[in-house]
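Please read the structure below before turning to the comments.
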Amino acid sequence: MKIQDIMTKDPACVTPATTVRDVAQLMQREDTGAIPVVESSDSRRLVGMVTDRDIAIRVVAEGRDGDTRVSEVMTESRLATLSADASMDDVMRRMADEQVRRIPIVDERGALVGIVSQADVVRKARDDQQSEQTVEAISRPGGQHQQ
């Protein structure tokens, strides 16, 4: 099975100039804890990710306000991405290696075309043991993306 078969196509996204208040409201509407950040709505070139944890740690805990720009709190280095033709094994391995629960899916230009979540993988995995191992690896303490 290819990722394109299970990914959420054209996911909601924001630009670096978006306020964290607007991102939090989008997260609430979309019922998600992570939003891809794109260069512009035209190019949709992925430049980062912003999570509810980024907002809690880099905004709320530091006493910043909701007008803080996404560019100040987003993760932009070492983004884990895959292409739409990647396999389920590829996405499970990447999630486990990077200890992330969501993987943005990009095209050959780096433009965002979808996103795959841990829940998508677990629902569609043919091998329950492998999906269980993936979830355990993602949840292992001390991942490189923890702040």
Side-chain angles (χ1 to χ4, degrees), residues 1-20 22-24 26-62 68-147:
M1 179 178 298
K2 300 287 184 192
I3 294 309
Q4 63 195 2
D5 299 327
I6 67 164
M7 72 182 189
T8 299
K9 293 172 177 61
D10 299 319
C13 57
V14 297
T15 66
T18 305
T19 66
V20 294
D22 289 339
V23 171
L26 179 60
M27 287 176 175
Q28 182 181 35
R29 279 192 312 273
E30 297 289 324
D31 190 27
T32 187
I35 301 286
V37 182
V38 296
E39 184 177 71
S40 71
S41 55
D42 291 334
S43 76
R44 290 185 62 95
R45 188 176 72 78
L46 184 69
V47 295
M49 289 288 289
V50 63
T51 66
D52 48 7
R53 187 172 195 281
D54 292 329
I55 293 170
I57 302 298
R58 297 179 184 153
V59 178
V60 177
E62 291 181 6
T68 301
R69 300 291 174 201
V70 168
S71 60
E72 297 176 47
V73 299
M74 69 184 197
T75 299
E76 55 188 321
S77 62
R78 295 190 46 113
L79 291 176
T81 64
L82 287 169
S83 65
D85 63 351
S87 69
M88 287 288 287
D89 287 342
D90 293 334
V91 77
M92 286 192 277
R93 187 172 26 262
R94 181 66 57 90
M95 284 179 166
D97 290 349
E98 300 290 333
Q99 291 187 275
V100 294
R101 290 174 170 80
R102 294 165 196 88
I103 301 279
I105 308 303
V106 296
D107 66 14
E108 63 281 347
R109 298 171 293 125
L112 180 70
V113 295
I115 195 162
V116 175
S117 72
Q118 172 183 308
D120 296 329
V121 171
V122 170
R123 278 193 300 267
K124 297 295 182 177
R126 284 182 259 160
D127 181 345
D128 288 340
Q129 184 177 6
Q130 186 177 13
S131 63
E132 182 180 323
Q133 290 170 345
T134 300
V135 172
E136 286 178 18
I138 291 168
S139 302
R140 187 175 59 239
Q144 66 186 7
H145 294 283
Q146 291 192 344
Q147 298 284 331

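All residue numbers in this chain count up from 1 along the given sequence.
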Quick one: pull up [atom1] in [X] and [atom2] in [Y] and give me the separation to the nearest 0.5 Å.
{"X": "M88", "Y": "D120", "atom1": "CE", "atom2": "CG", "value": "8.5 Å"}
{"X": "R101", "Y": "T32", "atom1": "CZ", "atom2": "OG1", "value": "12.0 Å"}
{"X": "L26", "Y": "D31", "atom1": "CG", "atom2": "CG", "value": "11.5 Å"}
{"X": "D90", "Y": "M95", "atom1": "CG", "atom2": "CE", "value": "12.0 Å"}

Which heavy atom of [X] sits nearest a heavy atom of [Y], and at what distance?
{"X": "I115", "Y": "P36", "value": "CD1-CG, 4.1 Å"}
{"X": "P104", "Y": "L46", "value": "CB-CD2, 3.6 Å"}
{"X": "R58", "Y": "E62", "value": "O-OE1, 3.3 Å"}
{"X": "V23", "Y": "I55", "value": "CG1-CD1, 4.1 Å"}

Atom pairs and distances, side-chain donor-acceptor, residues 2-11, under 3.5 Å, sequence neighbours left out:
{"unit_1": "K2", "atom_1": "NZ", "unit_2": "D85", "atom_2": "O", "d": "3.2"}
{"unit_1": "D5", "atom_1": "OD2", "unit_2": "K2", "atom_2": "N", "d": "3.4"}
{"unit_1": "K9", "atom_1": "NZ", "unit_2": "Q4", "atom_2": "O", "d": "2.9"}

Below 4.5 Å, heavy atoms only, C-beta onward: do [X] and [Y] meet side chain to side chain?
{"X": "D54", "Y": "M49", "result": "no"}
{"X": "V20", "Y": "M74", "result": "no"}
{"X": "R44", "Y": "R109", "result": "no"}
{"X": "S83", "Y": "D107", "result": "no"}
{"X": "V73", "Y": "T68", "result": "yes"}
{"X": "R102", "Y": "V116", "result": "no"}
{"X": "T51", "Y": "T75", "result": "no"}
{"X": "I105", "Y": "L112", "result": "no"}

Self-check item: T18 and R69: CA distance, side-chain angles, deciding distance, side-chain contact (heavy atoms from CB on, under 4.5 Å) verdict
Solution: CA-CA 6 Å; T18 305; R69 300 291 174 201; over 6 Å; no

Quiz item: Would one find more than 12 heavy atoms of other residues, nucleotides or ligands at under 6.0 Å from atom CD of Q28?
Solution: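 No - once you tally the heavy atoms of other residues, nucleotides and ligands closer than 6.0 Å, there are 12 at most.
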
Practice problem: Please test M27 against I35 for side-chain contact (heavy atoms from CB on, under 4.5 Å), starting from the C-alpha separation and ending with a verdict. | Solution: CA-CA 7 Å; M27 287 176 175; I35 301 286; 3.7 Å; yes

Quiz item: Checking side-chain contact (heavy atoms from CB on, under 4.5 Å) for the pair V38/R45: CA distance, chi angles, key distance, verdict?
Solution: CA-CA 5 Å; V38 296; R45 188 176 72 78; 5.9 Å; no

Exercise. Apply the test side-chain contact (heavy atoms from CB on, under 4.5 Å) to residues D22 and V14: give CA-CA distance (whole Å), side-chain angles for both, the deciding distance (0.1 Å), then the verdict.
Key: CA-CA 9 Å; D22 289 339; V14 297; over 6 Å; no

Self-check item: Which residues share a salt bridge (charged side-chain N to carboxylate O under 4.0 Å, His left out) with R29, sequence neighbours left out
Solution: none

Self-check item: Backbone of R94 reached by a side-chain donor or acceptor of D97 within 3.5 Å
Solution: no

